[in-house]
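A note on names: the letters A, B, ... follow the listed sequences, proteins ahead of strands, and every chain is numbered from 1.
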Number of protein chains: 2
Amino acid sequence: MAAVVFSSFIAGAAGLWKIVAHRAVAGEPLADAERLSVEAGLAAPASPAASAWTLRGAAGHVRYVVSDEKVALGRVQPPLGREQATLAAFIPIRKSAAWWELAQDERRAILEDRSRHIADGMRYLPAIARRLYQSRELGEPFDFLTWFEYAPEHAGQFEELTQLLRSTEEWRYVEREVDIRLER
Amino acid sequence: MAAVVFSSFIAGAAGLWKIVAHRAVAGEPLADAERLSVEAGLAAPASPAASAWTLRGAAGHVRYVVSDEKVALGRVQPPLGREQATLAAFIPIRKSAAWWELAQDERRAILEDRSRHIADGMRYLPAIARRLYQSRELGEPFDFLTWFEYAPEHAGQFEELTQLLRSTEEWRYVEREVDIRLER
C-alpha cells in the first residue's frame with residue numbers, strides 16, 4: 001500500500017478482542033490483560049492505570065517482496081475485518097542487532113531464499129489475513145507487530161504456519177517474540 | 001548501524017547551525033528561520049512560539065545497499081562532526097505514492113541500476129559526510145531527511161553531487177524537496 005497505516009494496540013480491560021492466550025516464545029512476556037483494542041493512529045502511550053501496555057506500528061511499503069511476489073500476493077491477500085474471521089493472533093517480534101547489521105541482499109537471502117518466508121506464507125492465503133507493522137524506527141520495544149485474522153476452521157493451518165516460520169534460519173535472529181491469541 | 005539513532009531538527013532563533021540559504025526544489029518550502037538545532041531523540045513538535053518547524057527522523061539499517069557496497073561504504077564513510085566540516089546541507093525529501101507502490105527490486109533497480117545513487121554518492125566520500133534519516137513511518141511531512149557535512153573546499157563537489165542525483169530517473173519520484181544550507 002502506498003499510504004502508511006498507523007495502528008495502536010492497547011491492552012487493558014476494554015476492546016473488541018478478548019485475549020485467550022499469551023506466552024513468550026523468546027525473551028520477556030508482556031503484562032497480562034483481559035482485552036485488546038486496536039485503534040487507528042499513533043496513540044500516546046497510555047497511563048498504567050488505563051492500560052496494561054500499548055504497542056504502536058506503521059504498515060507501509062513492502063521491504064523484501066519483489067515484483068512477481070507482489071503481483072501474486074495482490075491476487076490472494078484477503079482484507080482484515082472479514083465477518084467469519086473471529087480469531088486473531090498478535091505477535092510482536094524483535095530481531096537481533098546482527099540482523100539489522102546485515103545488508104539488504106543478505107537479509108533477503110535469509111528471509112526468502114533460505115527460509116521461504118514469503119512463499120510459505122502465501123500458501124496459507126486467503127485463509128489467513130495478515131498485516132505487518134514496523135515499530136523499530138518508532139522507538140518501540142519490538143521491531144515488528146504482526147496481526148493475523150482467521151476463521152475457527154483455519155486455526156490448524158495458522159498453527160502450522162507459525163511452526164514452519166519458527167523453524168527457519170530467519171528465526172535464529174528473533175530475540176524476543178510474544179504470541180497473543182484473541183477472539184471476538 | 002544496528003542501533004537506531006533518532007534526531008530532531010529544530011528551526012528557530014537558536015542552534016549551532018546558521019541557515020544561510022533555503023529554497024524549495026520541488027513543492028512547498030518550509031518556513032524561514034535563522035538557525036537550526038540538531039538534537040538527539042524524538043522531540044515533541046515544538047510550539048509555534050518556540051520554533052519555525054521541527055522535523056524528526058530515525059537513522060537505522062540500510063534499505064538498498066547490498067553486501068559489497070556495505071563493505072566499500074564502511075571503508076570510506078566519514079563520521080559526522082569533523083572539525084573542518086563547517087558547512088552542512090539539510091535536504092528533506094518526499095517521494096510519490098507511485099514510488100512506495102513499487103516492489104523492493106523495482107525500487108532498487110531505479111535507485112542503483114539506473115540512477116547509480118549509491119555508486120555516484122560513494123565517489124564523493126570521504127569529502128562529504130552523510131546521514132540518512134527515515135521519516136515516513138513517523139507520520140512526518142517528509143519521507144527522508146538527509147544531512148550532509150563538508151569543508152568549504154568541498155562545496156563545489158557537493159553541488160556536483162546534488163545536481164547529479166537530481167538529474168536521475170529516481171528523482172522523477174521526488175514530489176517535495178527542500179534544500180537548506182548551513183554553516184557553523
Point to revise | Atom of A:Ser67, atom of B:Ala103 and distance for their closest heavy-atom approach | key: N-CB, 3.4 Å

Practice item. Could you pull out the closest heavy-atom pair between B:Gln104 and A:Arg63, with the gap in Å? Key: OE1-O, 3.0 Å

Check your understanding: Between A:Ile19 and A:Leu55, is there a shared hydrophobic cluster once you connect ILVMFWY residues whose side-chain heavy atoms come closer than 4.5 Å?
Key -> yes

Point to revise | Proximity breakdown for B:Glu137 and chain A, heavy-atom pairs closer than 4.5 Å | key: both

Study note, to complete from the structure: Value for CZ (A:Arg136) from NE2 (B:His61), rounded to nearest 0.5 Å, stands at 6.5 Å

Check your understanding: Heavy-atom distance under 4.5 Å between the side chains of B:Asp105 and A:Glu69, does that happen here?
Key -> no

Exercise for review: Give, as side chain, backbone, both or neither, the part of B:Arg108 having an atom under 4.5 angstrom from any heavy atom of chain A.
Suggested key: neither

Point to revise | Path from A:Leu16 to A:Ile91 over hydrophobic side-chain contacts below 4.5 Å | key: no

Check your understanding: Side-chain heavy atoms under 4.5 angstrom apart, residues restricted to Ile, Leu, Val, Met, Phe, Trp, Tyr: same cluster for B:Val4 and A:Val4?
Key -> yes

Review point. Minimum heavy-atom separation for A:Leu138 to B:Leu42, with atom names?
Key: O-CD1, 4.4 Å

Throw together a table of side-chain donor-acceptor distances under 3.5 angstrom for residues 72-84 of chain A, partners on residues two or more places apart or in other chains.
from	atom 1	to	atom 2	distance (Å)
A:Arg82	NH1	A:Pro126	O	2.9
A:Arg82	NH2	A:Ala127	O	3.0
A:Arg82	NH2	A:Glu149	O	3.1

Review point. Quick check: are there more than 12 heavy atoms from other residues, nucleotides or ligands sitting under 6.0 Å from CD of B:Glu28?
Key: no

Check your understanding: Is chain A contacted by the side chain of B:Tyr64, its backbone, both, or neither, given a heavy-atom distance below 4.5 Å?
Key -> backbone

Review point. How does the hydrophobic cluster around B:Val66 look, that is, which other residues are in it when side-chain heavy atoms under 4.5 Å mark a link?
Key: none

Point to revise | Heavy-atom closest pair, residues A:Val62 and B:Leu102 | key: CG2-O, 4.1 Å

Point to revise | Crowding at CD, A:Gln157 (>12 non-hydrogen neighbours, <6.0 Å) | key: yes

